[in-house]
Amino acid sequence: MKDGVGIALRSLRPLFTSNESPVPIARRISDMEESPTLAVTAKANALKVAGESVIGFGAGEPDFATPDNIVQAAVRAAQDPASHRYSAAAGLPALREAIAVTASQTSGQTIDPAQVVVTNGGKHALYNVFMALVDPGDEVIVPAPYWVSYPEQIRLAGGTPVAVSTSKETGFRATIEQLEAARTPSTKALVFVSPSNPTGAVYPRDEVEAIGAWATEHGIWVVTDEIYDHLVYGDAVATSLPAVVPDAAERTIIVNGVAKTYAMTGWRVGWSVSPPAMAKGQGKLQSQLCSNVCNVAQLAALEALTGPQDALISMREAFDRRRRLAVEHLSAIPGVEVVEPEGAFYVFPSFEGVLGRDIAGRRIDTTLDLAEVLLDEAKVAIVPGEAFGTPGYARLSYALGDDDLVEGIGRIGEVLAA
Ligand code: GLU
């Protein structure tokens, strides 16, 4: 099934939302799903506020405070009246310049600041990109497991997301054969994500090369989400697609941001780097949609990119330690199978071995059932694989403290052993 994306998601609605309404909301919104990652996080937070001892593996969000040099840059920015005014919709010139320098280094291309559009986080950058790139009737190939917002944003732009399923047997990486089987005359673009959310898979250089060459051969755009590019572990290396396939650059859009690398999820600064006409289109959309991103947050992002990088290194070390802890403790649970993630801060184990059982007096047929029971019985929040187009699995973010991580996985093991 090629357009299976999102069908499983519909079943999340009764679990995570209660927004039935008699108001005739426009179809593009009523047909859309709420972000399940944010919904799980909100639900866990609500239980915490109600006094429950909930351990949240839901949000993909570092538990660290933003490094102080970045916070101090924001304080100075807030005190400068220039920050109190509108600024250029596509971003502050100094930040666009800094992003262009960084993106030139990683992509191997000479990026002009005019190719950069600064956005309210990576999610907004992706929205701009799909709106500028996708026409009604266009198909966009999205390897599954996929991050929850890609299919919904593609649909909002009038396009059709086409899921290509990967599995733990292939390390959750799509092959050229799979991409080729999904390609039709309507294929406009491929969403390429390495390191991957939700699996932590990192494509080796030769596979990135092959995918870039395939896209170039067929005139397919690549939207490459590089938001986790600094978070790779062991021998893994994040390879930027245009760096190894320069010919793909004229049809490649890079999305990135400061959220994950610098523990700045709440500051909301992301960006896209596109071929000039495509960047201009996104800038036009942004000028009508929301104008500039908060100037204070943009100047904090500028400090993140241009200031000392030592905090990044120590946070990455902590994530690596937690990654190994998560794999060790999850693998010890009977019926749970784990592919070791090489990047990002997620682990995506298979729970297929525990499905079909009764747990705490309830029948567990799906990972949706499992997520519900774990929240009720273990007070542990995970995101069921259905949200990522891959039932039978679940995503756990290991961007939480070591003690909570071990305690939370221990609670899962206890519930599953009961
Ligand atoms: N990207 C993060 C995650 O997957 C943030 C939540 C979201 O925006 O979906 O958890």
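Quick caveat, the model's predicted, so the values are computed rather than measured. Position 1 is the first residue of the sequence; numbering continues from there. When a ligand or atom number is given, it counts from 1 through the structure's own listing order.
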Which residue holds the protein heavy atom closest to atom 5 (C) of ligand 1, what is that atom called, and what is the gap in Å? K260 NZ, 3.7 Å
Taking 4.0 Å as the limit for heavy-atom contacts, which would you say applies to T41 with ligand 1: side chain only, backbone only, both, or neither? neither
Counting only heavy atoms, which portion of F345 has something under 4.0 Å from ligand 1: side chain, backbone, both, or neither? neither
Ligand 1 contacted by S149 (non-hydrogen, < 4.0 Å): no
Does one side chain, of E169 or S167, offer a donor that lies under 3.5 Å from an acceptor on the other? yes
Return yes if a side-chain donor-acceptor contact under 3.5 Å exists between W267 and T66, otherwise no. yes
If you take the centroid of each ring, where Trp contributes its six-membered ring, are Y146 and F388 closer together than 6.0 Å? no
Looking only at side-chain N and O atoms, does S272 offer a donor or acceptor that is under 3.5 Å from a partner on Q282? yes
Interfacing atoms of ligand 1 (cut-off 4.0 Å, heavy-atom, Y346): 2 (C), 3 (C), 4 (O), 10 (O)
As an exercise, identify every atom of ligand 1 less than 4.0 angstrom from a heavy atom of S35. 9 (O)
The answer for which part of E61 has a heavy atom under 4.0 Å from ligand 1 is neither
So OH of Y398 and CZ of F319: to nearest 0.5 Å the spacing works out to 8.5 Å
Quick one: does ligand 1 sit under 4.0 Å from the side chain of V383, the backbone, both or neither, non-hydrogen atoms only? neither
Answer yes when D369 and R362 have at least one side-chain N-carboxylate O distance shorter than 4.0 Å, and no when they do not. no
Please report which non-hydrogen protein atom sits nearest to atom 8 (O) of ligand 1, along with the residue it belongs to and the distance in Å to one decimal place. K123 NZ, 2.8 Å
Approximate separation, where rounding is to 0.5 Å, of E139 CD and S186 OG: 5.0 Å
Residue and atom name of the nearest protein heavy atom (relative to atom 7 (C) of ligand 1), distance in Å to one decimal: T37 OG1, 3.4 Å
Decide whether an N or O pair under 3.5 Å exists between V148 and ligand 1. no
Is it true that E226 and S240 share a donor-acceptor pair across their side chains at a distance under 3.5 Å? yes
